[in-house]
Amino acid sequence: MGHVYVFDHPLIQHKLTYIREKSTGTKEFRELVEEVSALMAYEITREMPLQEVTVETPVQKAQCKVLAGKKLGLVPILRAGLGMVDGILRLIPAAKVGHIGLYRDPDTLEPVQYYAKMPSDIGERELIVIDPMLATGGSAAEAIQMIKDMGAKNIKLMCLIAAPEGVQRVQQAHDDVDIYVAAVDEKLDEKSYIVPGLGDAGDRLFGTR
Ligand SMILES: O=P(O)(O)OC[C@H]1O[C@H](OP(=O)(O)OP(=O)(O)O)[C@H](O)[C@@H]1O
Ligand SMILES: O=c1cc[nH]c(=O)[nH]1
Ligand SMILES: [Mg+2]
């Protein structure tokens, strides 16, 4: 069974509060999503392996550490996942980015595929699937299945807000995938929106409400 990690860093929690607030406009919402994504990337990379190197400082040689060269890939689920990409790339600028196009059918609530393009060396990369919202979990579970079918082996899922139902669905479908979130909310409403959540993440990011 994959683990669920809730990032309770005060800066993440503070900014998430203003992301949730309905009077927060598009510009600020976008900036906050980017900032929280960067802070979550900082937390998620905490266990990244390091290797020893020798550098020559102006004073003398020094034994230091650099990242051990693990290749990373980000996989935003379109559209809303795009809002998290730039914040993460600020910390991990060399990461490659694959895209999965999925939307949730408003009647059936099932994910509908419309795009997929991944780095060619997908099987060698540590992949982070990103989407602000994990509601029923249908979209995330489908996206993970799509990239597994394309050769992905090492996958994490990072979302801002999850519903317990979504966590359960992803855990049942993909027991090898750990889930990283800023909050696990109470429940889903009758339209399967997260309660209290933040509304429709894609619409709020792109001003299409
Ligand atoms: O867990 P689920 O029940 O599948 O719901 C979550 C999905 O819904 C939202 O996308 P949406 O379908 O609104 O598409 P958009 O990003 O284009 O707005 C959200 O960004 C997730 O991808
Ligand atoms: O609460 C929700 C559920 C699905 N998609 C969203 O953007 N928000
Ligand atoms: Mg949407």
Side-chain angles (χ1 to χ4, degrees), residues 2 4 6 15-26 28-30 32-34 36-37 40-41 74-88 97-118 127-149 152 155-175 177-209:
V4 183
V6 181
K15 289 173 192 290
L16 182 63
T17 299
Y18 292 98
I19 289 174
R20 290 181 186 275
E21 164 60 44
K22 72 175 181 186
S23 68
T24 298
T26 305
E28 205 186 340
F29 185 89
R30 226 178 248 156
L32 286 164
V33 168
E34 214 175 293
V36 169
S37 303
M40 291 181 75
L74 308 181
V75 186
I77 302 178
L78 308 180
R79 285 175 306 168
L82 288 176
M84 301 175 71
V85 173
D86 286 351
I88 303 172
V97 183
H99 294 84
I100 293 293
L102 283 179
Y103 69 88
R104 189 174 81 165
D105 183 286
D107 300 319
T108 66
L109 298 178
E110 288 304 312
V112 181
Q113 298 180 16
Y114 61 90
Y115 190 74
K117 183 81 179 175
M118 296 298 296
L127 299 167
I128 309 176
V129 174
I130 52 181
D131 192 324
M133 309 305 278
L134 181 63
T136 66
S139 302
E142 182 84 350
I144 292 166
Q145 191 56 54
M146 285 168 72
I147 64 173
K148 281 185 176 174
D149 292 344
I155 304 170
K156 293 179 165 66
L157 173 65
M158 185 169 122
C159 303
L160 298 188
I161 302 178
E165 295 88 333
V167 169
Q168 205 182 351
R169 182 154 169 185
V170 170
Q171 283 182 325
Q172 272 169 5
H174 302 287
D175 64 4
V177 174
D178 287 337
I179 303 173
Y180 300 82
V181 298
V184 178
D185 276 8
E186 195 186 319
K187 60 180 182 181
L188 296 175
D189 70 9
E190 66 287 351
K191 289 184 177 160
S192 287
Y193 273 78
I194 300 175
V195 178
L198 52 72
D200 189 301
D203 283 344
R204 292 194 66 189
L205 271 168
F206 296 107
T208 49
R209 237 179 314 175

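Counting convention: from 1, in listed order, for ligands and their atoms alike. Keep in mind the model is a prediction, meaning the values are calculated, not measured.
- In terms of polar-atom proximity, G202 is not counted as a contact of ligand 2, lacking any N or O under 3.5 Å from an N or O of the ligand.
- The shortest heavy-atom contact between G202 and T208 is O-OG1, 4.1 Å.
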If you look only at distance, which donor and acceptor atoms sit under 3.5 Å apart when one is on a side chain in residues 182-189 and the other is two or more places apart or in another chain?
from: D185; atom 1: OD1; to: R20; atom 2: NH2; distance (Å): 2.8
from: D185; atom 1: OD2; to: R20; atom 2: NH1; distance (Å): 2.8
from: D185; atom 1: OD2; to: G197; atom 2: N; distance (Å): 2.8
from: D189; atom 1: OD1; to: K191; atom 2: N; distance (Å): 2.8
from: D189; atom 1: OD1; to: S192; atom 2: N; distance (Å): 3.0
from: D189; atom 1: OD1; to: Y193; atom 2: N; distance (Å): 2.8

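- The 12-atom threshold is not exceeded at OH of Y18, counting heavy atoms of other residues, nucleotides or ligands nearer than 6.0 Å.
- For the pair M133 and ligand 1, the shortest N or O to N or O distance does not fall below 3.5 Å.
- Each of the atoms 18 (O) of ligand 1 lies under 4.0 Å from some heavy atom of G202.
- Checked against a 3.5 angstrom limit, the closest N/O atoms of R79 and ligand 1 fall inside it.
- Of the heavy atoms in T136, both backbone and side-chain atoms come closer than 4.0 Å to ligand 1.
- Near I194, meaning under 4.0 Å from any of its heavy atoms, are these atoms of ligand 2: 1 (O), 2 (C).
- Scanning G197, G199, G138, A80 for the heavy atom closest to atom 6 (C) of ligand 2 points to G199.
- R169 places no side-chain N or O within 3.5 Å of a backbone atom of L134 that could act as its donor or acceptor partner.
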Quick one, R204 with T24, criterion side chain to side chain contact (heavy atoms under 4.5 Å, CB included). Give me CA distance, side-chain angles, the key distance, then yes/no. CA-CA 9 Å; R204 292 194 66 189; T24 298; 3.8 Å; yes
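- Remark: side-chain polar atoms of E165 are not paired, donor with acceptor, to backbone N or O of T136 under 3.5 angstrom.
- Close N/O approach between A201 and ligand 1 is not found [any backbone or side-chain N/O within under 3.5 Å].
- Atoms of ligand 2 found under 4.0 Å from any heavy atom of A135 (numbered from 1 in listed order, with element): 3 (C), 4 (C).
- Distances between N or O atoms of D203 and those of ligand 1 include no value under 3.5 Å.
- The backbone N or O of L205 sits less than 3.5 Å from a side-chain atom of R30, completing a donor-acceptor pair.
- The atoms of ligand 2 that sit less than 4.0 Å from any heavy atom of A201 are 6 (C), 7 (O).
- Atom numbering of ligand 2 starts at 1 in the shown order; those under 4.0 Å from a heavy atom of S192 are 3 (C).
- Taking Q145 as the reference, D149 meet the side-chain hydrogen bond (donor to acceptor under 3.5 Å, both in side chains) condition, with sequence neighbours excluded.
- Of the candidates P111, G81, P106, G137, the one placing a heavy atom closest to atom 1 (O) of ligand 1 is G137.
- Atom numbering of ligand 1 starts at 1 in the shown order; those under 4.0 Å from a heavy atom of A80 are 16 (O), 20 (O).
- Of the heavy atoms in L78, only backbone atoms (N, CA, C, O) come closer than 4.0 Å to ligand 1.
- Residue D131 forms a side chain to side chain contact (heavy atoms under 4.5 Å, CB included) with just one option from L82, I77, L102, I100, and that option is I77.
- For ligand 1, the polar-atom distance check against R104 finds a nitrogen or oxygen pair separated by under 3.5 Å.
- Taking every heavy atom of Y103 and a limit of under 4.0 angstrom, the matching atoms of ligand 1 come to 12 (O).
- Between C159 and M40 the shortest heavy-atom distance is O-CE, 3.3 Å.
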